[in-house]
Amino acid sequence: MNTLRDIHGTTVLVCPPDGPPLLSERDATDLIGEGSYSGAAWVAVPVERFTEDFFRLSTRVAGGIVQKFAQYRMGLVVLGDISARLEGSSALRDFVRECNRGTQIWFVPDAEALAGRLAPAA
């Protein structure tokens with residue numbers, strides 16, 4: 001069951017790792033709808049919920065999902081360690097680096113890193 005968390009004043013819909021996989025733009029739209037209805041600014045989805053197709057950029061699965069979140073102005077956090085996947089793909093490394101420079105799609109290794117990203121600037 002998805003839960004709402006307040007992290008430094010930002011509402012985040014946090015998905016459990018054992019839920020259904022995020023396979024398509026339709027799945028993304030469902031999460032965006034739930035997040036919007038709940039008043040969340042971000043949806044945090046554990047890496048366990050993504051199939052390998054998401055991390056193979058040639059499939060365009062990641063692009064479709066990311067685009068849907070951006071279109072609805074809902075932040076997406078991919079939560080968990082993807083270091084092994086990054087080692088095997090320079091395209092994925094570039095994609096993650098560009099996403100993490102932005103303000104709508106982040107790849108973070110854990111909840112602590114997410115809290116750090118959402119912390120107010122000192």
Side-chain angles (χ1 to χ4, degrees):
M1 175 176 219
N2 299 334
T3 58
L4 280 180
R5 288 192 50 211
D6 180 290
I7 304 174
H8 299 295
T10 300
T11 304
V12 180
L13 181 69
V14 179
C15 302
D18 59 351
L22 192 56
L23 300 169
S24 67
E25 292 177 39
R26 180 175 177 98
D27 298 329
T29 303
D30 290 344
L31 280 178
I32 292 164
E34 183 179 349
S36 293
Y37 181 77
S38 301
W42 289 87
V43 176
V45 182
V47 295
E48 294 88 350
R49 300 276 295 268
F50 293 96
T51 65
E52 286 305 311
D53 282 347
F54 179 84
F55 298 102
R56 278 194 304 271
L57 299 182
S58 62
T59 66
R60 299 184 180 173
V61 171
I65 290 171
V66 164
Q67 182 178 11
K68 195 57 74 172
F69 273 87
Q71 180 180 9
Y72 285 95
R73 293 185 170 91
M74 174 70 63
L76 170 64
V77 176
V78 177
L79 188 64
D81 182 18
I82 62 167
S83 57
R85 291 178 179 105
L86 294 175
E87 287 177 18
S89 171
S90 61
L92 182 61
R93 270 193 310 274
D94 293 343
F95 178 72
V96 168
R97 184 175 44 253
E98 287 303 313
C99 287
N100 283 343
R101 287 182 181 163
T103 59
Q104 275 200 288
I105 312 297
W106 294 338
F107 289 78
V108 298
D110 53 38
E112 185 178 312
L114 174 58
R117 293 287 309 250
L118 292 174

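One-based numbering along the sequence shown.
Across all non-hydrogen atoms, the minimal contact from Cys15 to Leu31 is SG-CD2, 3.8 Å. Counting all heavy atoms, side chain and backbone alike, Phe69 lies closest to Ala28 at CE1-CB, 3.7 Å. Of all heavy-atom pairs between Met74 and Ile32, the closest is CE-O, 3.8 Å. In this structure, Leu57 and Ala91 approach most closely via the heavy-atom pair CD1-O, 3.5 Å.
Between Phe54 and Phe107, the ring planes are tilted. Angles from 30° to 60° get that label.
Checking side-chain atoms of Arg56 against main-chain N and O of Val61 turns up no donor-acceptor pair under 3.5 Å. Arg5 places no side-chain N or O within donor-acceptor distance of the main-chain N or O of Thr11, the cut-off being under 3.5 Å.
No hydrogens or angles considered: nothing links the side chains of Asp53 and Thr51 as a donor-acceptor pair under 3.5 Å.
The structure places CG of Leu118 at 5.0 Å from OG1 of Thr10, a figure rounded to the nearest 0.5 Å. For the atom pair Asp94 CG and Leu86 CG, the distance stands at 10.0 Å (nearest 0.5 Å). Here Leu23 contributes atom CG and Arg49 contributes atom CZ; the two are 10.0 Å apart, rounded to the nearest 0.5 Å.
Within the 4.5 Å cutoff, the side chain of Val96 has heavy atoms near those of the Ile82 side chain.
Linking Ile, Leu, Val, Met, Phe, Trp and Tyr whenever their side-chain heavy atoms come within less than 4.5 Å puts Phe95 and Val78 in one cluster. Under a hydrophobic-cluster definition in which Ile, Leu, Val, Met, Phe, Trp and Tyr are linked whenever side-chain heavy atoms come within less than 4.5 Å, directly or via other members, Val45 and Val12 are assigned to different clusters. Neither Val43 nor Leu79 shares a network with the other; the hydrophobic side chains, linked directly or stepwise wherever heavy atoms of I, L, V, M, F, W or Y lie under 4.5 Å apart, form separate groups for each. Leu76 and Val108 fall into different hydrophobic clusters, defined by Ile, Leu, Val, Met, Phe, Trp and Tyr side-chain heavy atoms under 4.5 Å apart, directly or through other members. There is no path of hydrophobic side-chain contacts, each under 4.5 Å, that joins Ile105 to Ile7.
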- Item | Criterion side-chain contact (heavy atoms from CB on, under 4.5 Å) on Arg26 and Lys68, from CA distance to verdict | CA-CA 9 Å; Arg26 180 175 177 98; Lys68 195 57 74 172; over 6 Å; no
- Query: Between Arg93 and Glu87, is a salt bridge (Lys or Arg N to Asp or Glu O under 4.0 Å) present by the stated rule, with each step listed?
  - Reply: CA-CA 8 Å; Arg93 270 193 310 274; Glu87 287 177 18; over 6 Å; no
